[in-house]
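Have a look at the structure below before the remarks.
Along the sequence shown, residues carry numbers from 1.
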Amino acid sequence: KCDWSSDVCSSDLLEAAPPPKGITESTGFWTQAVAEGNFSNLNDGLSSTRLWLESQGRFNDANPMENMNFYQGMLRTALGYAVTDRLTLWAGYTYLPTENYGQGYNGEQDAWPAIRYIFPTKIGTVTLREMVEMRFVRGDAPGIRPRTLIKLIHPFEFEPRLGLVLWDEFFFNLNNVANKIGRAHV
C-alpha cells in the first residue's frame, strides 16, 4: 500500500522574489504541488524508501504589460530513507528555470542532501528540515546554501485531512551570493 500525502496551492504573498533591476516593487504568488510516498506497494522491504516530487509555479507583476506573469518554475525530486517514522534522510535534485521581466533566462540546478524530523504536538504536526543546496548556475562554481524550514500543520476539526499550514524557511548563502533572509508563508 502506498502512503501518499500532498500540499496543493500554497501561496507566498509576502515575497515572490527580488524584483528585477530597475523595479522597486513587486508582488506575486506561488503555486505548489507536493507528493511524497514510499515503495511498499512494490515490495514490503522497500517501505522505508521514500520518493519526494514537487513542482511550483511562481508569478509576479514585474512586467508592466501584464497583471501577473510566470517568471519562475521549480521541479524537485528526491529519494529518501525513513530512519524512523519521524526521521527521514533525503538526497535530491532541483531544477529552477527563471526569466524575470527585462532580464535573460537563468536555469539553476541544485543537488542537495536533507534531513527532516516530524513530531506531533497538541496543536498540530511540526516539521523541521535542514537542507544544504549545492547551486549550479551557468557553469559558475557551485553556491552553497543551507536552508532551515519549520512548518506547522493544524488539522481542521470538521475534516482532519485538511488544515491550516504555517511555515517559514531561512536561507544562508555561504559563498558567492549575498545572504537572504527567510520568507514567511501562510
Side-chain angles (χ1 to χ4, degrees), residues 3-18 26-38 48-60 72-96 98 108-135 142-175 177-186:
D3 177 24
W4 291 96
S5 65
S6 66
D7 297 326
V8 180
C9 294
S10 302
S11 66
D12 176 358
L13 298 176
L14 298 178
E15 177 191 34
S26 178
T27 59
F29 66 94
W30 293 4
T31 59
Q32 177 184 47
V34 178
E36 182 185 320
N38 65 40
S48 293
T49 304
R50 304 282 190 228
L51 177 65
W52 172 2
L53 302 170
E54 180 177 355
S55 66
Q56 294 182 15
R58 301 174 182 179
F59 303 82
N60 67 17
Q72 189 174 62
M74 196 263 307
L75 297 172
R76 179 178 286 154
T77 185
L79 285 176
Y81 180 77
V83 178
T84 69
D85 61 339
R86 295 182 182 180
L87 179 67
T88 305
L89 304 176
W90 296 97
Y93 168 81
T94 304
Y95 177 59
L96 194 71
T98 304
E108 180 179 323
Q109 300 185 60
D110 305 336
W112 47 268
I115 184 169
R116 182 184 67 194
Y117 188 75
I118 299 171
F119 59 97
T121 69
K122 290 181 180 181
I123 60 170
T125 302
V126 173
T127 299
L128 302 172
R129 186 196 70 210
E130 186 63 37
M131 177 186 289
V132 179
E133 293 175 320
M134 278 71 64
R135 305 170 64 206
I144 300 172
R145 178 171 69 182
R147 302 173 65 146
T148 302
L149 173 126
I150 183 167
K151 177 170 61 173
L152 170 68
I153 302 173
H154 177 77
F156 294 134
E157 289 183 24
F158 66 88
E159 176 51 81
R161 294 178 300 172
L162 301 175
L164 176 65
V165 180
L166 302 171
W167 79 91
D168 199 3
E169 186 168 18
F170 300 91
F171 303 76
F172 301 97
N173 294 294
L174 295 181
N175 52 1
V177 183
N179 282 340
K180 179 179 177 113
I181 300 172
R183 294 186 297 257
H185 304 269
V186 177

Query raised in the report: Hey, what do you get for CD1 (Ile144) to CD (Glu133), rounding to the nearest 0.5 Å?
Result: 11.5 Å
Requested in this report: Measure the CZ-CD1 distance between Phe170 and Ile150 for me, rounded to the nearest 0.5 Å.
Outcome: 8.5 Å
Query raised in the report: Got a second to check how far Asp110's CG is from Arg147's CZ, nearest 0.5 Å?
Result: 8.0 Å
Report summary line: When every non-hydrogen atom of Pro155 is compared with those of Pro160, the smallest separation belongs to CB-O, 3.5 Å
Side-chain donor-acceptor pairs under 3.5 Å in residues 79-89, sequence neighbours left out?
{"from": "Thr84", "atom 1": "OG1", "to": "Arg86", "atom 2": "N", "distance (Å)": "3.1"}
{"from": "Thr84", "atom 1": "OG1", "to": "Leu87", "atom 2": "N", "distance (Å)": "3.0"}

Extract all donor-acceptor atom pairs below 3.5 Å that involve side chains of residues 123-132 and protein atoms in other chains or at least two apart in sequence.
{"from": "Arg129", "atom 1": "NH2", "to": "Glu169", "atom 2": "OE2", "distance (Å)": "2.6"}
{"from": "Glu130", "atom 1": "OE1", "to": "Thr148", "atom 2": "OG1", "distance (Å)": "2.4"}
{"from": "Glu130", "atom 1": "OE2", "to": "Thr148", "atom 2": "OG1", "distance (Å)": "3.4"}

Query raised in the report: Quick one: OG1 on Thr94 to CE on Met74, what's the gap to the nearest 0.5 Å?
Result: 6.0 Å
Report summary line: Heavy-atom closest pair (Leu164 atom, Phe156 atom, distance to 0.1 Å) is N-CZ, 3.8 Å
**Report entry** Nearest heavy atoms of Leu75 and Ser55, plus distance in Å
**Finding:** CD2-CB, 3.8 Å
Query raised in the report: Does any non-hydrogen side-chain atom of Pro113 lie less than 4.5 Å from one of Met134?
Result: yes
Query raised in the report: Partners of Glu108 by side chain to side chain donor-acceptor pair (under 3.5 Å), sequence neighbours excluded?
Result: Arg135
Report task. State which residues pass salt bridge (Lys or Arg N to Asp or Glu O under 4.0 Å) with Glu157; sequence neighbours excluded, sorted by chain then number. Result -> none
Query raised in the report: According to the side chain to side chain donor-acceptor pair (under 3.5 Å) rule, which pairs have a member within residues 113-122, sequence neighbours left out?
Result: Glu36-Arg116
Query raised in the report: Trp52: what forms a ring pair (Phe, Tyr, Trp, His ring centres under 6.0 Å) with it, not counting sequence neighbours?
Result: Trp90, Trp112
Query - Atom pair CZ (Arg58) and OG1 (Thr98), whose distance is rounded to the nearest 0.5 Å - result: 7.5 Å
Report task. Walk me through it: do Leu51 and Thr77 pass the test side chain to side chain contact (heavy atoms under 4.5 Å, CB included)? Result -> CA-CA 7 Å; Leu51 177 65; Thr77 185; 4.1 Å; yes
